[in-house]
Enquirer: 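Got a structure here, written out as structure tokens. Questions coming.
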Amino acid sequence: EDYVSDFLRSDNMLGGCVWEFADHAVYHSKGKYKYTYGGDHGEEYHDRNFCVDGLFFPDRTPHAGVLQIKNCYRPVRAKLIKISDNTAELEFKNINYFKAVSFTVRWEALDVLGKEKGEFRLDIAPQKTERITLDLERCYDAIVLKYCIGKREIASEQIDFRQTLKQISVDSSTVPTVRHSESNIIVSFNGGSIIFDTKKGQVISYTVDGKELINNYPCGNSVGFALSVFRAPIDNDVKYFDIWAKLKLMTEYMSIDSTKPYTITDKSVIIENSYILSTVSVKSLLEAVISYEIFGDGTVKVKVRCTDSKKVKYYPRFSLALEMPKEFENVKYFGLGDKVNAIDFREHAMLGEYSCKVSDMRERHIKPQEASMRSEVRYAEITDKYGSGLEFIAVEKPFTFSADHFTSVQCAKATHREDLKNFDTTCLHIDSYLLGVGSASCGPETKAEYRKESLTDEELEVIVRPVRKE
């Protein structure tokens, strides 16, 4: 979208000609892999999966990328002229030079508190504009516009106004009770408990109504909530592969640096400690403080603040990772889109509440990569078939959310989609920062506003609360 916007602003620029249409891969009707790429056939010289880079898979099913470019190609573009509590004035421009447009525009104004919708007609001559004023019940976070001919959606776009977060009330009528052993702090609340391992600095148990919500046999190297900066490299991370490999980011592990006595307030128990994130190659890649404030109904406010970090070109993410048991398979979230998206890859992803299975979150690339992200998420919940689980609620700003039945390391080690099995886990990531998708596979680096060399002062705050079966 950044590229296309530049092309449209400048009379001396032409662009948007995407290379290439479909993934180039070798099809096998039988064998271990359905599709293969460079290096799979014993060839000495090859470009690995460089040519598996199309808008469509080889069988012509669409990548999320083609949905993105479809909206970037939209023949009508809207901009906000004026917004008030009860109206939004929009201007629409037909960017065609020779063809008029005639659309039914179906719109939806929404946020976490509710939505309203309607439709109107647009008939605009080439290179002309038309203004429309929408009467609203109140101000919302965004208006989603869908340009349609009959029932067919030609394109869509979103006009953003603000970011409303979900407000919840915490039961502070009872204060959790605390008991401890030589190595554990046990915090009991109404209907459950949290066990904190003081030697490892980890939440090793989170039970609600007799059900354990933390995977005690994780596929990764940490039980409970853990810091993470590694993501399974995407194709456009190619310029950073060697840097990340030298730092051995794939081997990241969190250790406790210093501890504080827990504190009991008139409504909660607070556990706060300092941590170091290291790899087998780099001692103390970053330092951070993590605090857990536990309330009487089992709600936990988790706050992470990076106090110091080494410089890296570029950090893949700043994330709180958690593995839950595999049976937590149902996902519901309020954020951008029902397909993978990112901060600089989102024109196809409209704001809304979406539901799916964990196994349906990701795009199944021929060569696996990080591909289940949803950005601008206000809240997300993971539940089992009985409706029990956890809800994650953004506090200061929306987060990027992802869920898979494997870890990012397992994804990175897989060379083909068939290698990536659903393991006995549900792995979640809550990201306050995620490196942009960019275009570095055969273009410039990720733009400055979508990347970070340092994570010092980066913060992530999220409320985690039990979802109890009805």
Side-chain angles (χ1 to χ4, degrees), residues 200-204 206 212-235 237 240-241 244-245 247-255 275 277-282 285-286 288 290 302 304 315-329 331 340 342 356-365 367-374 377 380 382 384 389-390 392 399-435 460 462 464:
K200 295 181 179 179
Q202 296 175 341
V203 176
I204 59 173
Y206 190 171
E212 179 61 67
L213 303 176
I214 285 179
N215 190 341
N216 294 129
Y217 303 96
C219 293
N221 55 18
S222 293
V223 177
F225 300 95
L227 283 172
S228 177
V229 298
F230 177 74
R231 78 174 181 195
I234 66 172
D235 290 338
D237 290 337
Y240 320 129
F241 285 176
W244 296 352
L247 295 171
K248 292 184 168 55
L249 294 188
M250 194 183 292
T251 67
E252 65 181 5
Y253 63 93
M254 186 179 75
S255 57
Y275 296 84
L277 188 71
S278 305
T279 72
V280 297
S281 177
V282 182
L285 183 65
L286 64 80
I290 304 178
V302 186
V304 186
Y315 274 99
R317 72 189 334 157
F318 186 73
S319 180
L320 198 62
L322 173 67
E323 290 189 53
M324 298 176 68
K326 186 178 181 179
E327 60 262 29
F328 293 93
E329 163 73 2
V331 182
V340 59
C356 65
K357 301 293 186 182
V358 169
S359 50
D360 296 327
M361 284 282 287
R362 87 171 5 251
E363 182 161 291
R364 298 186 68 246
H365 292 272
K367 184 181 185 304
Q369 50 199 278
E370 205 79 32
S372 68
M373 308 88 72
R374 304 292 190 270
V377 173
I382 304 288
D384 61 12
L390 289 174
F392 303 85
F399 52 76
T400 298
F401 172 75
S402 59
D404 288 295
H405 285 310
F406 42 78
T407 67
S408 292
V409 171
Q410 289 170 318
C411 181
K413 289 180 177 179
T415 62
H416 296 75
R417 59 168 65 151
E418 290 86 353
D419 298 328
L420 199 52
K421 309 298 182 184
N422 283 341
F423 292 89
D424 194 19
T425 194
T426 294
C427 184
L428 313 177
H429 278 278
I430 307 292
D431 297 284
S432 66
Y433 155 76
L434 188 69
L435 177 65
L460 170 60
V462 62
V464 184

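What you see is a predicted model, and the numbers here were worked out from it, not measured in a lab.
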Enquirer: Looking at every heavy atom in both A412 and F230, which two are closest together, and how far apart are they?
Expert: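 The pair with the smallest heavy-atom distance is CB-CZ, 3.7 Å.
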
Enquirer: Do E329 and I382 have side chains that approach each other closer than 4.5 Å (heavy atoms only, starting at C-beta)?
Expert: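 They are not in side-chain contact.
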
Enquirer: Would you compute the distance between atom OG1 of T426 and atom CG of N422 and round it to the nearest 0.5 angstrom?
Expert: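 Output value for this atom pair is 9.0 Å.
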
Enquirer: Would you check if Y240 and L435 make a side-chain contact, meaning some heavy-atom pair closer than 4.5 Å?
Expert: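 Sidechains of L435 and Y240: in contact.
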
Enquirer: Are L322 and L390 close enough that some pair of their side-chain heavy atoms sits under 4.5 Å apart?
Expert: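 A side-chain contact under 4.5 Å exists here.
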
Enquirer: Minimum heavy-atom separation for G201 to Y275, with atom names?
Expert: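 In this case the closest contact between G201 and Y275 is O-OH, 2.8 Å.
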
Enquirer: Just how far is it from atom SG of C411 to atom NZ of K367, taken to the nearest 0.5 Å?
Expert: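 That separation rounds to 8.0 Å.
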
Enquirer: Going by the rule side chain to side chain donor-acceptor pair (under 3.5 Å), which residues pair with D235 if we only count those two or more places apart in sequence or in a different chain?
Expert: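 For D235 the side chain to side chain donor-acceptor pair (under 3.5 Å) partners, ignoring immediate neighbours, are N49, Q369.
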
Enquirer: Which atom pair, heavy atoms only, marks the closest approach of L213 to G389?
Expert: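 Residues L213 and G389, closest heavy atoms: CD1-O, 4.0 Å.
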
Enquirer: Tell me, please, which residues at least two apart from D384 pass salt bridge (Lys or Arg N to Asp or Glu O under 4.0 Å).
Expert: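 Once residues adjacent in sequence are excluded, the partners of D384 under the salt bridge (Lys or Arg N to Asp or Glu O under 4.0 Å) criterion are K211.
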
Enquirer: Does any pair with a residue in residues 413-424 pass salt bridge (Lys or Arg N to Asp or Glu O under 4.0 Å), and if so which ones, sequence neighbours excluded?
Expert: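 Sorted result for residues 413-424: empty, none.
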
Enquirer: Look up atom CZ in F392 and atom CG in L320, then write down how far apart they are to the nearest 0.5 Å.
Expert: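 Going from CZ on F392 over to CG on L320, the span is 8.5 Å.
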
Enquirer: For the residue pair L285 and L249, establish whether any side-chain heavy-atom pair is separated by less than 4.5 Å.
Expert: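 Touching, per the 4.5 Å side-chain cut-off.
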
Enquirer: Donor-acceptor pairs under 3.5 Å, side chain of residues 216-228 to any protein atom, not counting sequence neighbours: which ones?
Expert:
from, atom 1, to, atom 2, distance (Å)
N216, ND2, I204, O, 2.8
N221, ND2, E252, O, 2.7
S228, OG, E252, OE2, 2.6

Enquirer: Give me the atom names and distance for the closest heavy-atom approach of L434 to M373.
Expert: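 Between these two residues, the closest heavy atoms are CD2-CG, 3.7 Å.
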
Enquirer: Donor-acceptor check, side chain of R362 to backbone of P368, threshold 3.5 angstrom: yes or no?
Expert: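 Between the backbone of P368 and the side chain of R362 there is no qualifying donor-acceptor contact (under 3.5 Å).
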
Enquirer: Are any side-chain N or O atoms of Y315 and backbone N or O atoms of Y433, one a donor and one an acceptor, separated by less than 3.5 Å?
Expert: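 Such a contact is absent between Y315 side chain and Y433 backbone.
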
Enquirer: Please check if the number of heavy atoms outside K200 that lie under 6.0 Å from its NZ is greater than 12.
Expert: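 No, because the 6.0 Å sphere around NZ of K200 holds 12 heavy atoms or fewer from other groups.
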
Enquirer: At their closest point, which heavy atom of E212 faces which heavy atom of Y206, and how far apart are they?
Expert: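 Between these two residues, the closest heavy atoms are OE2-N, 2.8 Å.
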
Enquirer: With R317, which residues qualify under salt bridge (Lys or Arg N to Asp or Glu O under 4.0 Å), at least two apart?
Expert: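 Partners of R317 under the salt bridge (Lys or Arg N to Asp or Glu O under 4.0 Å) test: E370, D431.
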
Enquirer: To the nearest 0.5 Å, how far apart are CD in Q410 and NE2 in H405?
Expert: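 Result: 12.0 Å between the selected atoms.
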
Enquirer: Is a side-chain donor-acceptor pair under 3.5 Å present for S319 with H429?
Expert: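 A donor-acceptor contact under 3.5 Å links the two side chains.
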
Enquirer: What pairs with H365 under ring-ring contact (aromatic ring centres under 6.0 Å, His included), at least two apart in sequence or on another chain?
Expert: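 ring-ring contact (aromatic ring centres under 6.0 Å, His included) list for H365, sorted by chain: H63.
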
Enquirer: Judged by atom type as modelled, is there a donor-acceptor pair below 3.5 Å linking the side chain of S281 to the main-chain atoms of K248?
Expert: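 Not confirmed, S281 side chain does not pair with K248 backbone.
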
Enquirer: Hey, what do you get for CZ (F406) to SG (C427), rounding to the nearest 0.5 Å?
Expert: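 It comes to 9.0 Å.
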
Enquirer: Quick one: pull up CG in L286 and CG in L277 and give me the separation to the nearest 0.5 Å.
Expert: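 Answer rounded to 0.5 Å: 4.5 Å.
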
Enquirer: Quick one: closest heavy-atom pair of A403 and L428, and the distance?
Expert: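 Answer, listing the atom of A403 first, then L428: CB-CD2, 3.6 Å.
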
Enquirer: Would you say T279's side chain and L247's backbone share a donor-acceptor pair under 3.5 angstrom?
Expert: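 Yes.
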
Enquirer: Just so I know, are the side chains of I290 and V304 near enough to count as touching, which here means a heavy-atom distance under 4.5 Å?
Expert: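 When only atoms from C-beta onward are counted, V304 and I290 do touch, with a gap below 4.5 Å.
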
